[in-house]
Amino acid sequence: MISLYQLAWSPYCLIQRRILEFGRIPFKTVEVSAGDRKRLWQLTRARYYEVPVLKHGRQVVFETGPDSQVIAKYLDNRFALDLFPRECEGVQDILWRYFENDVEAVGFKLNDIYWREFVPKADHCGFVRHKERRFGRGCLEEWRGQHPQLLARLEVLLNPAEKMLAARPFLLASRPVFADFCLFGILANFLFTGHYELPAAMAHLRDWYGRMRSLRQSSSA
């Protein structure tokens with residue numbers, strides 16, 4: 001059994017959870033504290049304290065850098081998911097970096113505006129402290145004030161994906177690859193609170209998201 005140590009709203013945890021579900025891989029989620037990462041620190045033997053962390057038997061898997069994708073590649077290799085096909089090499093790397101660096105940088109701010117609705121009360125102080133240490137004092141209220149501009153910026157950033165999906169059912173091929181799961185997790189974070197919808201004008205993106213939400217690997221794969 002795989003254990004996925006997560007924050008339920010984290011885009012990076014949502015990516016890995018959707019991959020596990022897609023692959024029909026049995027797993028359980030373990031919620032960690034937004035402000036106290038001691039459990040992860042102990043699990044990784046003082047090497048890592050971010051989420052997600054994956055424990056598979058005695059194997060503990062976590063990222064080694066901002067562009068490593070260790071967890072996704074572990075699942076891909078271990079369960080033959082074919083998320084990193086050779087024909088998509090290079091362009092897929094560019095694409096998921098764009099999603100993680102540009103799209104996520106706007107999407108998480110829109111989600112965090114409503115942080116009081118999903119962060120457990122016991123973690124409020126730790127959550128705010130973590131955000132303000134990274135983005136500056138008062139950042140959460142600042143993002144709330146920027147709400148219309150952030151929404152408009154997100155739509156611009158999603159436009160390339162909408163154009164790609166007009167030509168095929170998934171971003172790079174007739175089946176999903178890692179870039180699809182990456183964008184799905186980032187959008188699932190944006191949509192997490194239920195306060196938002198995907199842009200009405202982006203019909204292809206909306207259809208794709210619906211497919212990605214319930215897609216499962218063929219049992220014969």
Side-chain angles (χ1 to χ4, degrees), residues 1-85 88 92 96 99-100 104 107-108 111 117-123 126-127 130 170 173 175-194 208-221:
M1 172 68 76
I2 286 176
S3 297
L4 181 68
Y5 290 77
Q6 67 164 18
L7 294 171
W9 63 87
S10 162
Y12 304 107
C13 297
L14 288 162
I15 292 168
Q16 306 306 333
R17 197 157 75 233
R18 184 77 275 273
I19 290 173
L20 288 161
E21 293 166 348
F22 166 75
R24 303 177 185 268
I25 303 164
F27 74 101
K28 66 177 182 179
T29 57
V30 182
E31 295 297 322
V32 300
S33 169
D36 182 1
R37 306 301 178 88
K38 184 186 301 182
R39 191 173 191 180
L40 300 178
W41 192 246
Q42 293 170 341
L43 188 65
T44 63
R45 299 183 180 180
R47 292 174 291 172
Y48 196 70
Y49 57 81
E50 300 288 352
V51 290
V53 170
L54 187 143
K55 188 174 187 296
H56 187 197
R58 295 185 177 181
Q59 185 85 19
V60 177
V61 187
F62 52 90
E63 302 303 333
T64 57
D67 296 329
S68 62
Q69 301 301 353
V70 171
I71 297 177
K73 290 179 179 178
Y74 174 84
L75 294 173
D76 184 54
N77 292 330
R78 180 65 178 78
F79 297 100
L81 302 178
D82 199 22
L83 301 182
F84 298 90
C88 293
Q92 174 160 231
W96 67 252
F99 294 149
E100 290 196 354
E104 193 272 341
F108 90 85
N111 177 67
E117 298 181 11
F118 58 83
V119 177
K121 187 169 291 187
D123 286 342
F127 179 85
H130 172 75
F170 299 98
R175 60 181 179 81
V177 295
F178 175 71
D180 291 278
F181 291 95
C182 182
L183 180 58
F184 176 87
I186 289 166
L187 292 179
N189 166 255
F190 163 65
L191 299 169
F192 186 80
T193 61
W208 166 88
Y209 188 84
R211 291 194 298 275
M212 286 296 299
R213 187 165 48 193
S214 58
L215 191 68
R216 297 292 188 276
Q217 186 183 46
S218 170
S219 59
S220 62

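Nearest heavy-atom pair across P176 and M212 is CB-SD, 4.0 Å. The two atoms that bring I71 and P52 nearest to each other are CD1-O, 3.4 Å, heavy atoms only. Shortest non-hydrogen contact noted between Q92 and P85 is NE2-CD, 4.2 Å.
Residue pairs meeting the salt bridge (charged side-chain N to carboxylate O under 4.0 Å, His left out) criterion with at least one member in residues 45-71, sequence neighbours excluded: R37-E50, D67-R97. Screening residues 19-45 for ring pair (Phe, Tyr, Trp, His ring centres under 6.0 Å), with sequence neighbours left out, gives F22-F181.
Taking SG of C13 as the reference point, atom CG of L7 lies at 6.0 Å (rounded to 0.5 Å). From I19, atom CD1 reaches atom CG of D180 across 10.5 Å, with rounding to the nearest 0.5 Å.
Checked against salt bridge (charged side-chain N to carboxylate O under 4.0 Å, His left out), R175 has the following partners two or more places apart in sequence or in another chain: D82, E87. Remark: Y209 engages F184 in a ring pair (Phe, Tyr, Trp, His ring centres under 6.0 Å) (not counting sequence neighbours). Taking D76 as the reference, L81, L83, F84 meet the side-chain contact (heavy atoms from CB on, under 4.5 Å) condition, with sequence neighbours excluded. Qualifying salt bridge (charged side-chain N to carboxylate O under 4.0 Å, His left out) partners for E21, counting only residues two or more places apart in sequence or in other chains: R18. Taking Y5 as the reference, nothing meets the ring pair (Phe, Tyr, Trp, His ring centres under 6.0 Å) condition, with sequence neighbours excluded. Evaluation of the side chain to side chain donor-acceptor pair (under 3.5 Å) rule for S33 yields D123 as partners, not counting sequence neighbours. Under the side chain to side chain donor-acceptor pair (under 3.5 Å) criterion, H56 pairs with Y74, sequence neighbours left out. Residues satisfying the side chain to side chain donor-acceptor pair (under 3.5 Å) test with E100, not counting sequence neighbours, are Q69. Looking at residues two or more places apart in sequence or on another chain, you find a ring pair (Phe, Tyr, Trp, His ring centres under 6.0 Å) between F127 and W115.
When side chains are defined from C-beta on, K73 does not count as touching F178, because their heavy atoms never get closer than 4.5 Å. Residues I2 and L75 are in side-chain contact: their nearest non-hydrogen atoms beyond the backbone lie under 4.5 Å apart. Considering only heavy atoms from C-beta on, L4 comes within 4.5 Å of Q16 through its side chain.
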Next item on the list: Under the side chain to side chain contact (heavy atoms under 4.5 Å, CB included) rule, what do F62 and L40 come out as? Steps first, then yes or no, please.
Entry: CA-CA 10 Å; F62 52 90; L40 300 178; over 6 Å; no
Next item on the list: Go through the steps for R39 and V30 under the test side chain to side chain contact (heavy atoms under 4.5 Å, CB included), then give the verdict.
Entry: CA-CA 11 Å; R39 191 173 191 180; V30 182; 3.4 Å; yes
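Side-chain atoms of Q217 never come within 3.5 Å of backbone atoms of R24 as a donor-acceptor pair (strictly under, hydrogens ignored).
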For a quick test of your reading: what N or O donor-acceptor pairs under 3.5 Å do the side chains of residues 185-192 make, sequence neighbours left out?
| from | atom 1 | to | atom 2 | distance (Å) |
| --- | --- | --- | --- | --- |
| N189 | ND2 | W9 | O | 2.6 |

